[in-house]
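Beneath this line is the structure, given in structure tokens, with notes to follow.
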Amino acid sequence: MAKIKKIPKSKIKNLKAEIQLGFERNLIKSNPMIVDLLQNNRQIYYASYDSNELLGAISLYSEGLKKTKWEYKGLYIGDFPHEITKKLINYTVNKYGGAGAERFVVYIPERYNQLIELLKKECMFRGCGDIDVFKKNIENYSDEFPQIALQDFKEEDTVPLLELYNYCLFPQFRQSLSTDKNYWKKRLAKACDKKVLYISNIMEGYYSLHNPSENVFYADILMSEFYQSMYNALVQYAIAKVKSINPKADLYFAVKKFHQSSKNYLTVMKDFQFELDESYATMVRDYWDLIKQNTKEEKASSLLFDKMGSPA
């Protein structure tokens, strides 16, 4: 019978060696736009063993100090993908749900359609909108800064920022995808540039820039639905800022379709001729949902899903 146990961080090297190249090349390898977030989040690894053979591994972390929302970051499954995935998901949901967790979130590249269907049908996750990640080399773009009254981000801006973010969510997603103060403290801890936009003393926009490697930057921007026409200026600001640091870098933007102003944001991405690099499905499971009874088991060959984790 397969057993599930926690793997301390100190044992990760041994785990990688145990399943040879699969873990190191696919589970540990990170998308460059989120590598700094992965390195700074508390991660917990689990594995399922049967006769000392590793059948699967999963990692997740808590988004806030209250530990009511957890995000899955990585998943390895071997010869029994359906069975092992359900065991690992259900184990972690029950463990942390019993300790007070309310929601479990995962962001999965849409090309992993088998995993998405498995999580929906067998693990009771539901879709909450997609995230489209756009990329472009900015060498040929203008380096002029637009006329926009951005202010340096200060600690006292954290609460207005989380209120802006949560309010901009479509109403049907607010309970599932809302954030807390600690989430923003973590997210902005290593931003190389961060600004906010106040209009009539109300925060209506936000921008941050992250630089996980020399030639890679990603910008996180958000405008309220009342001032979404200003996305153009925020995108140009990010481009000009990156050009002032490295004029030949690649720049990423993530358009979160669960925000009310995302349609306008997408239009601006097309106007600037940024190219779609990856689309992620956003999926959520609530701890208090009733657990489905498994009605059938399917056999499948070995599957390995990498790059799980929030691009947001």
Side-chain angles (χ1 to χ4, degrees), residues 24-41 73-74 107-111 130-153 161 184 186-197 205-223 228-257 259 261-280 306-312:
E24 181 159 5
R25 294 175 62 185
N26 294 282
L27 184 58
I28 294 297
K29 183 182 68 174
S30 305
N31 185 313
M33 68 175 291
I34 58 172
V35 66
D36 65 326
L37 298 180
L38 289 172
Q39 290 175 346
N40 289 285
N41 285 326
K73 304 296 289 188
Y107 303 91
I108 308 175
E110 289 188 343
R111 64 181 184 274
D130 298 336
I131 298 175
D132 287 345
V133 178
F134 290 85
K135 172 188 176 183
K136 193 73 174 180
N137 182 278
I138 49 91
E139 184 174 5
N140 297 322
Y141 284 79
S142 170
D143 60 359
E144 292 187 11
F145 284 90
Q147 296 297 318
I148 182 171
L150 293 173
Q151 304 174 29
D152 289 336
F153 180 89
L161 174 54
W184 287 103
K186 286 184 177 181
R187 186 170 183 79
L188 297 175
K190 287 198 172 184
C192 60
D193 192 29
K194 44 193 174 184
K195 308 283 186 182
V196 290
L197 176 64
Y206 140 83
Y207 145 90
S208 69
L209 187 68
H210 299 256
N211 182 205
S213 63
E214 180 181 0
N215 296 313
V216 173
F217 291 79
Y218 67 92
D220 189 20
I221 64 177
L222 177 65
M223 290 299 306
Q228 55 186 295
S229 60
M230 300 180 72
Y231 268 119
N232 189 294
L234 281 181
V235 170
Q236 179 56 44
Y237 184 94
I239 292 173
K241 184 64 180 181
V242 172
K243 291 207 72 170
S244 71
I245 302 172
N246 182 350
K248 296 185 178 181
D250 291 331
L251 177 59
Y252 292 80
F253 290 91
V255 179
K256 304 159 193 174
K257 294 183 179 178
H259 279 135
S261 59
S262 59
K263 186 175 181 180
N264 188 283
Y265 192 178
L266 282 170
T267 299
V268 172
M269 285 286 94
K270 294 177 182 178
D271 290 343
F272 275 87
Q273 298 183 334
F274 272 66
E275 300 168 353
L276 183 64
D277 183 65
E278 187 85 83
S279 290
Y280 291 79
D306 70 318
K307 290 180 68 176
M308 285 177 60
S310 171

Measure across Ala219 and Leu251 and return the closest heavy-atom pair with its distance rounded to 0.1 Å. N-CD1, 4.0 Å

Are Tyr141 and Gln273 close enough, and set up right, to give a side-chain contact (heavy atoms from CB on, under 4.5 Å), and what steps lead you there? CA-CA 10 Å; Tyr141 284 79; Gln273 298 183 334; 4.1 Å; yes

Check: Asp130 and Ser279 side chains under 4.5 Å, non-hydrogen atoms: no

Holding to side-chain hydrogen bond (donor to acceptor under 3.5 Å, both in side chains), I want the full list of residues that pass it with Ser261, two or more places apart in sequence or in another chain. Tyr231

Between Leu276 and Met269, is there a side-chain heavy-atom distance shorter than 4.5 Å? no

Strictly distance-based, threshold 3.5 Å: is any side-chain N or O of Gln228 a donor or acceptor partner for the main-chain N or O of Tyr265? no

With Lys136, which residues qualify under salt bridge (Lys or Arg N to Asp or Glu O under 4.0 Å), at least two apart? Glu275

Identify the residue among Asp143, Asp250, Ile239 that makes a side chain to side chain contact (heavy atoms under 4.5 Å, CB included) with Ile138. Ile239

Here the gap from Tyr206 atom OH to Lys194 atom NZ, rounded to the nearest 0.5 Å, amounts to 9.5 Å

Between Leu161 and Leu188, is any pair of side-chain heavy atoms under 4.5 Å apart? yes

Tell me whether the count of non-hydrogen atoms from other residues, nucleotides or ligands lying under 6.0 Å of CD in Glu144 goes above 12. no

Lys257: which residues meet the salt bridge (Lys or Arg N to Asp or Glu O under 4.0 Å) condition with it, sequence neighbours left out? Asp132

How close do Ala233 and Pro146 get, counting heavy atoms only, and between which atoms? O-CG, 3.2 Å

Are Met223 and Asn264 close enough that some pair of their side-chain heavy atoms sits under 4.5 Å apart? no

Give me the atom names and distance for the closest heavy-atom approach of Ser262 to His259. OG-O, 2.9 Å

Could you work out, with side chain to side chain contact (heavy atoms under 4.5 Å, CB included) as the rule, every residue matching Lys263, not counting sequence neighbours? none

Scan Phe217, Phe274, Tyr207, Phe134 and name whichever one has a ring pair (Phe, Tyr, Trp, His ring centres under 6.0 Å) with Phe253. Phe274

Please name the pair of heavy atoms, one in Asn246 and one in Glu214, separated by the smallest distance, quoted to 0.1 Å. ND2-O, 3.0 Å

Suppose we call two aromatic rings close when their centres sit under 6.0 Å apart. Are Phe153 and Trp184 close by that rule? no

4.5 Å side-chain heavy-atom contact, Leu150 and Phe145: no

Do the charged groups of Lys195 and Asp152 touch, with an N to O distance under 4.0 Å? yes

If you take all heavy atoms of Ala254 and Ile131, which pair is closest and at what distance? CB-CG2, 4.0 Å

Which residues share a side chain to side chain contact (heavy atoms under 4.5 Å, CB included) with Ser244, sequence neighbours left out: Lys241

What I want to find out is whether Glu278 reaches Arg111 closely enough, with some N-O distance under 4.0 Å, to be called a salt bridge. yes

Ile148 and Gln236: CA distance, side-chain angles, deciding distance, side-chain contact (heavy atoms from CB on, under 4.5 Å) verdict: CA-CA 10 Å; Ile148 182 171; Gln236 179 56 44; over 6 Å; no

Pro247: partners by side chain to side chain contact (heavy atoms under 4.5 Å, CB included), with sequence neighbours left out: Lys243

